Amino acid sequence: MRPPAHGTTRLLYGAGLAAALLLPAAAPAQAEPPSRTPAALPAADGAKGQELPGMPTALDPRADTIACTPASKEKAKKQDWSRQRLDLDRLHRHTTGAGVTVALISTGVDPGAEGLDGRVTARGEAADDCVGQGTFLAGLIAGAGSTTPRLAGVAPGAKILALRGTDRRGQPDPALVTAAVRAATAAKADVIAVAVALPRKDAALTRAVAEARKAGAVVVAAATPDPPSRGSGDEIPSRTYWPAGEPGVLAVADMLPGGTRPDGALPTGTVDLAAPGAGVVSGGPRGKGHYLGGGVAVATAYAAGAVAAVRATHPDDPADAVTRRLTATAYPADIPQLDAYAAVTTVLGAAGAPAAGAERAAEPVAVRDTSDTDRATGRATLFVLLGSAGVLSLLWAGFALSRARARGWRPAGAGTTEG
């Protein structure tokens with residue numbers, strides 16, 4: 001983790017869904033703030049982009065004193081692309097996640113934060129969010145949007161159980177993560193969102209996750225940490241991070257508007273789902289303003305919110321069935337892309353597949369760059385439709401050729417001459 005940048009970042013706003021999805025998948029050279037905010041991604045409405053301060057993922061571990069992330073004085077004026085992509089306006093007509101508790105393991109959550117008041121349980125150190133990222137993520141999961149309803153989270157009726165998985169500067173700690181998972185299990189949380197990723201497997205954490213799943217919780221975890229730096233040119237080998245690598249855990253990666261992972265994203269073979277993780281707007285623990293954030297933790301929060309929405313709508317579904325629903329209804333791509341609305345509304349068949357026939361991959365999918373295939377729209381379903389149209393065209397052409405041969409290449413309807 002590197003020191004936070006408290007400067008402003010151009011907000012990735014969309015004048016509409018189409019505009020947001022037509023952003024280039026491979027953006028121009030990006031800056032390197034620790035919050036991985038997409039400073040160089042163009043605003044969807046051209047020169048009308050708004051400047052918001054970036055939300056860091058951690059504070060400088062080398063600083064002698066801790067300077068908490070300051071309050072934002074800026075308020076977002078429009079709905080960002082990520083909420084349009086997840087179709088949250090329509091989703092909220094079906095469910096707000098009421099009655100579901102999401103345990104969020106991050107940097108803590110301020111119980112009195114704008115849009116979260118009354119729905120956050122945070123005891124001790126978990127109520128002190130110096131970094132601000134945990135509160136930012138809680139807004140994506142269950143924020144009400146306050147004076148900007150279209151900036152609500154995925155499940156604005158859900159409750160948040162805030163748990164600290166890092167030190168006060170935001171550095172992940174295996175012992176804290178393990179204790180937090182156990183606390184979430186004891187509290188009977190419906191969803192456990194682990195927004196940090198650890199580089200080494202920990203036996204105690206493995207047991208804690210297994211116990212959580214046995215108790216019926218859906219465990220959602222960041223598939224990788226955010227990269228410590230970019231542009232070094234060093235090849236980083238693919239590896240598994242924890243607890244995302246534990247059996248039954250829904251491992252989530254971040255994606256850009258075009259559906260690709262950001263440049264410099266850490267490679268891993270343990271990804272079940274991709275969710276928006278760049279140019280995302282939410283609040284913080286101080287003040288009523290908004291920040292711009294990104295990264296794997298942001299994508300994890302969005303996925304956790306979708307799980308909460310599914311659990312509220314399908315309360316009798318066991319945890320594994322909820323996970324299958326999220327992956328089966330995702331947009332088909334190299335990494336299936338979260339579709340929160342479809343996850344809630346799709347009717348699944350007896351085999352757990354939607355009527356369209358999409359199924360979860362039998363094995364964890366590999367992380368690959370999909371910019372060559374979905375650069376134009378970022379929605380792989382469009383290519384499925386186009387591909388189907390192409391197949392039908394070829395079949396029709398073959399059929400027409402065979403009929404033409406049978407007619408001796410005469411026009412259809414022309415009579416035959418018998419000699």
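Not measured: the values here are computed from a predicted model.
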Original post:
So which pairs with a foot in residues 114-126 pass side-chain hydrogen bond (donor to acceptor under 3.5 Å, both in side chains), sequence neighbours left out?
Top reply: Glu114-Ser146
Original post:
What pair of heavy atoms forms the shortest contact from Val281 to Asp80, and how long is it?
Top reply: N-OD2, 2.7 Å
Original post:
Can you tell me how far CZ of Arg286 sits from CG of Asp129, rounded to the nearest 0.5 angstrom?
Top reply: 6.5 Å
Subject >> Check against side chain to side chain contact (heavy atoms under 4.5 Å, CB included), Lys159 and Val120 >> reply: CA-CA 6 Å; Lys159 295 182 179 179; Val120 175; over 6 Å; no
Original post:
Taking C-beta and beyond as the side chain, do Ser106 and Gln133 meet within less than 4.5 Å on heavy atoms?
Top reply: yes
**OP:** Identify whether the distance between the nearest side-chain nitrogen and carboxylate oxygen of Arg213 and Glu246 falls below 4.0 Å.
**Re:** no
Original post:
After noting the C-alpha distance and the side-chain angles of Thr270 and Tyr241, does the key distance pass the side chain to side chain donor-acceptor pair (under 3.5 Å) rule?
Top reply: CA-CA 8 Å; Thr270 311; Tyr241 296 88; over 6 Å; no
Subject >> Identified side-chain contact (heavy atoms from CB on, under 4.5 Å) partner of Val307 from the options Ile192, Val191, Val154, Val219 >> reply: Val191
Subject >> Tyr302 versus Val280, closest heavy-atom pair with distance >> reply: OH-CG1, 3.5 Å
Original post:
Can you tell if the side chain of Val102 reaches within under 4.5 Å of the side chain of Asp190, non-hydrogen atoms only?
Top reply: no
Original post:
Can you find a heavy atom in the side chain of Cys68 that is under 4.5 Å from one in the side chain of Val131?
Top reply: no
Original post:
Are Asp317 and Arg311 close enough for a salt bridge, meaning some N to O gap below 4.0 Å?
Top reply: no
Original post:
Hey, what do you get for CG (Leu198) to CG (Leu176), rounding to the nearest 0.5 Å?
Top reply: 10.0 Å
**OP:** Flag the pair Pro276 / Val298 as yes when at least one side-chain heavy-atom distance between them is below 4.5 Å, and no otherwise.
**Re:** no
Subject >> side chain to side chain contact (heavy atoms under 4.5 Å, CB included) between Leu161 and Leu104, intermediate numbers included >> reply: CA-CA 6 Å; Leu161 172 60; Leu104 174 60; over 6 Å; no
**OP:** Might you point out which heavy atoms bring Ile141 and Ala301 nearest each other, and give the distance in Å?
**Re:** CG1-O, 3.3 Å
Original post:
Taking atom CZ of Arg261 and atom CG of Asp334, what is their separation to the nearest 0.5 Å?
Top reply: 12.5 Å
Subject >> Flag side-chain contact, heavy atom, 4.5 Å: Val196 against Thr166 >> reply: yes
Original post:
Side chains of Leu91 and Leu86: does their closest heavy-atom pair fall under 4.5 Å?
Top reply: no
Original post:
Which heavy atom in Gly139 sits nearest to a heavy atom in Ser282, and how many Å separate them?
Top reply: CA-OG, 3.6 Å
Original post:
At their closest point, which heavy atom of Ala312 faces which heavy atom of Thr95, and how far apart are they?
Top reply: CB-OG1, 3.6 Å
Original post:
Out of curiosity, Ile66 CD1 to Asp60 CG, how far, rounded to the nearest 0.5 Å?
Top reply: 10.5 Å
Original post:
Could you state the interatomic distance from CG (Asp87) to CG (Asp339), rounded to the nearest 0.5 Å?
Top reply: 7.5 Å
Original post:
Is the shortest distance from a Lys or Arg side-chain nitrogen in Arg168 or Asp128 to a carboxylate oxygen in the other one below 4.0 Å?
Top reply: yes
**OP:** Could you tell me whether Arg169 and Asp167 have a side-chain N and a carboxylate O separated by less than 4.0 Å?
**Re:** no
Original post:
Looking only at heavy atoms, which two atoms of Ala103 and Leu163 are closest? And how far apart?
Top reply: CB-CD1, 4.1 Å
**OP:** Mind jotting down which residue pairs meet the side-chain hydrogen bond (donor to acceptor under 3.5 Å, both in side chains) criterion with at least one end in residues 176-185? Sequence neighbours excluded, please.
**Re:** none
**OP:** Start with the C-alpha gap between His94 and Tyr341, add the side-chain angles, then the distance that decides, and say whether side chain to side chain contact (heavy atoms under 4.5 Å, CB included) holds.
**Re:** CA-CA 9 Å; His94 291 269; Tyr341 179 77; 3.5 Å; yes
**OP:** List the steps, then state whether side chain to side chain contact (heavy atoms under 4.5 Å, CB included) holds for Arg325 with His314.
**Re:** CA-CA 10 Å; Arg325 174 175 282 277; His314 305 276; 3.6 Å; yes
Original post:
Is the backbone N or O of Gly134 less than 3.5 Å from a side-chain atom of Thr107, with the two atoms forming a donor-acceptor pair by type?
Top reply: yes
Original post:
Would you call Asp272 and Val252 a side-chain contact if the rule is heavy atoms closer than 4.5 Å?
Top reply: no
Original post:
NZ/Lys201 to CH2/Trp242 distance, rounded to the nearest 0.5 angstrom?
Top reply: 4.0 Å
Subject >> Sidechain-backbone polar pair: Gln84 side chain, Gln79 backbone, donor-acceptor under 3.5 Å >> reply: yes
Subject >> Tyr291 (side chain) donor-acceptor with Ser72 (main chain) under 3.5 angstrom >> reply: yes
Original post:
Tell me, do Arg150 and Asp89 make a side-chain contact under 4.5 Å, heavy atoms counted?
Top reply: yes
**OP:** Examine distances only and state if a side-chain atom of Thr327 and a backbone atom of Thr323 form a donor-acceptor pair shorter than 3.5 Å.
**Re:** yes
